[in-house]
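The structure appears below as structure tokens.
Each ligand, and each atom within it, is numbered from 1 in the order the structure gives.
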Amino acid sequence: MTTTVRFAPSPTGRIHIGNARTAILNWLFARKSDGRFILRFDDTDTERSTKEFADGIAADLDWLGLTPDQVYRQSERFALYDAAAEKLKQEGRLYACYETAEELDYKRKRQLARHQPPIYDRTGLNLNDDDRAKLVADGRKPHWRFKLDQRDIHWHDLVRGDVHIDTASLSDPVLIREDGSYLYTLPSVVDDIDMGMTHIIRGEDHTTNAAVQVEIFEALGAAAPVFAHHSLLVGADGKGLSKRLGSLSIAAMREDGLEAMAVVSHGALIGTSEAIEPHTSMDTLLEAFDLSKLSRAPGRFDMTELENLNARIVHQ
Ligand code: GLU
């Protein structure tokens, strides 16, 4: 099977060094195994996603030298997601819920006050046809939750090692909102199956999602790919990088005259056991690259270090 990986940004802003690092790791992983690197725009949120941001991200990747082998847009693939949702409904894995946001908030607060974990109580699952008809007659529209198996989900993560997550500790996730729009969870799995992903390399903020997604992969008759959840970058202040952090955006780095290979070298080697050396070509960087060298501790991004690295490349 051809190694196939993807970088899957939501085009709701430009990418910063932390997002680019995910793209760099995926690109290097694909090249190292003669595989394919796919750019997939996770743009099912049609309110917040824009074509300008998508074009900007594609231009950023191009500048970095991370050309994709193929580009997809989720907004063009709704028929596939609808078919998967229908299958899950037929099999009783996707069920209608009618609570309003206020009602859910009230339930959560009551559980917390009783020192109970704020897990969704599955009211929707226990409704009968009459209950549902009454709710609809009252003008309520359903949102749809995935019925978790409530079991131990386990995988060997290429960065985090053995991971166990008990899905009984999670709320059944909402896959489709009241207005019919999809959250990221289901389209991502449908596409990962359809596009033949062999590995999912992404930030560790998605580790819990992975447990849910393993169940969805299996419910759709597929095996989950191999996962690698890398730690996130933090700024010099120890805080996470936000998508809106201007100077850390790839666009700003380019405008500030940094060399693309300085950014790529830094993004590839930060948070690894390798020294951060300036590489002037992807070939030498590929030799140094190995996912297993990634540390589980957050990588600390410091602009001064990147500027020093850049100076070393310019003066080589
Ligand atoms: N669109 C998701 C994000 O930007 C993708 C996560 C994933 O790689 O599965 O966080």
### Task
Would you mind finding which of Gln74, Arg6, His206 brings a heavy atom closest to atom 8 (O) of ligand 1?
Arg6
#### Entry: Spatial distance of atom CG (Asn19) from atom CZ (Arg202) [nearest 0.5 Å]
14.5 Å
### Task
For the pair Arg40 and Asp192, find out whether any cationic side-chain nitrogen is under 4.0 Å from an anionic carboxylate oxygen.
yes
### Query
So, Asp43 and Arg48, do they make that salt bridge, N to O below 4.0 Å?
no
### Message
As a test of understanding, state which of Arg140, Lys109, Arg108 forms a salt bridge (Lys or Arg N to Asp or Glu O under 4.0 Å) with Glu103.
### Response
Arg140
### Query
Is any NZ, NE, NH1 or NH2 atom of the basic residue among Arg14 and Asp60 found under 4.0 Å from an Asp or Glu carboxylate oxygen of the other?
yes
### Task
Kindly confirm or rule out an N or O of Arg40 lying under 3.5 angstrom from an N or O of ligand 1.
no
### Summary
A student checking ligand 1 against Asp42 at a 4.0 Å heavy-atom cut-off should list atoms 1 (N), 2 (C), 5 (C)
### Query
Just going by heavy-atom distances, which of Ser188, Ala8, Pro11, Ala210 is nearest to atom 4 (O) of ligand 1?
Ala8
### Query
Arg202 heavy atoms, cut-off 4.0 Å: which ligand 1 atoms fall inside?
7 (C), 8 (O), 9 (O)
